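Keep in mind that the numbers below use all heavy atoms, side chains included, and drop hydrogens, waters and symmetry copies. Both counts, for ligands and for their atoms, begin at 1 and track the order of listing. The structure presented is a predicted model; accordingly, all values stated were derived computationally and were not measured.
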Amino acid sequence: VQIVRTIPEVRRALAAPRTSGRRIALVPTMGALHEGHLALVDGAKGGGAYVVMSVFVNPLQFAPGEDFERYPRDMEADAAMAGERGVDLIFAPETGEMYAGEPEVTVRAGRLAGDWEGRVRPGHFDGVLTVVAKLFGIVQPDVAWFGQKDLQQALLVRAMTRDLNMPVGLEIIPTVRDVDGLALSSRNRYLSSAERMRALALSGALNAVKASYDGGERDVEELEYHGHAKLLATPGIKIDYMAVVELQTFRRPALLAEAGAAIGAIRVGGTRLIDNVLLGPSTL
Ligand code: PAF
């Protein structure tokens with residue numbers, strides 16, 4: 001796999017595949033790759049596209065006091081995994097390549113970002129959308145691949161491409177999980193084995209909500225009750241939120257009549273984990 005660090009190098013590397021008419025697919029990541037990222041690569045490779053992976057820990061999406069400094073970085077391992085899976089080009093810029101100075105213009109997330117991750121992490125989605133918009137400008141992909149694990153993020157990126165008329169198709173693929181149900185996340189590597197056991201309460205809680213939904217329950221308080229009960233029964237975790245929302249608006253209705261999702265965020269020790277399951281449709 002070819003690794004480039006600068007924007008002109010990306011443009012040069014993409015000239016040949018673009019002229020030969022190959023579709024360009026982008027898989028944006030912050031590195032610390034796991035099977036969840038590699039499933040995005042598999043999807044992107046599927047149509048015979050030329051696959052670009054970005055590896056960039058974006059300072060703009062971390063608030064002071066979050067884990068920007070300690071976020072795992074391992075370029076060598078990432079390049080080996082990405083190369084083996086068939087990524088054609090890795091774009092791994094230094095911070096200065098992406099942000100030469102304080103940006104004058106950024107993307108502001110709208111109402112869809114008003115709650116949940118957006119409330120717990122103010123400014124986070126503005127940072128995400130700004131860097132994704134920049135990556136779209138740099139790579140000019142035909143299609144970009146995102147994971148359902150960061151559901152609110154994926155829906156916001158979709159809203160951005162729609163509202164800003166960006167000519168990029170979006171693919172959102174299901175969350176990849178360990179055999180015990182824990183959603184794969186780069187942050188799982190922060191967990192001790194005792195913490196990892198406790199972290200399972202999150203997928204357990206979301207599944208409890210889904211079981212109730214599949215059993216016919218549509219009252220949102222009732223649905224959420226099952227999730228909260230599971231989380232509250234697990235000592236040593238802190239609940240940021242556990243809720244049922246409509247997919248369209250990411251708002252919490254009284255009754256779930258539309259396609260929805262159970263979403264949750266917890267803290268286990270110093271690690272913050274998020275997860276979700278869809279209620280109703282099985283794809284996004
Ligand atoms: O999901 C992530 O890893 C990041 O938020 C993204 C989309 C790569 C933007 O920095």
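- Atom numbering of ligand 1 starts at 1 in the shown order; those under 4.0 Å from a heavy atom of Val131 are 9 (C), 10 (O).
- The ligand atoms of ligand 1 that sit less than 4.0 angstrom from a heavy atom of Gln153 are 1 (O), 2 (C), 4 (C), 5 (O), 7 (C).
- Distance check: Ile266 CD1 to Tyr241 OH gives 11.0 Å after rounding to the nearest 0.5 Å.
- Against a heavy-atom cut-off of under 4.0 Å, Thr29 is close to the following atoms of ligand 1: 8 (C).
- Side chains of Gln148 and Asn276: a donor on one and an acceptor on the other come within 3.5 Å.
- What sits closest to atom 10 (O) of ligand 1 on the protein, heavy atoms only, is Gln61 OE1, 2.6 Å.
- Of all the atoms in ligand 1, the ones that sit under 4.0 Å from a non-hydrogen atom of Pro28 are 8 (C).
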(request) Under the salt bridge (charged side-chain N to carboxylate O under 4.0 Å, His left out) rule, what do Asp42 and Arg85 come out as? Steps first, then yes or no, please. (result) CA-CA 7 Å; Asp42 293 346; Arg85 230 31 186 255; 3.0 Å; yes
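- Taking the six-membered ring for Trp and thresholds of 30 and 60 degrees, Phe56 and Tyr99 have ring planes inclined between 30 and 60 degrees apart.
- Atom 3 (O) of ligand 1 has as its closest protein heavy atom Met30 CG, 3.6 Å.
- To the nearest 0.5 angstrom, Asp67 atom CG is 3.5 Å from Tyr190 atom OH.
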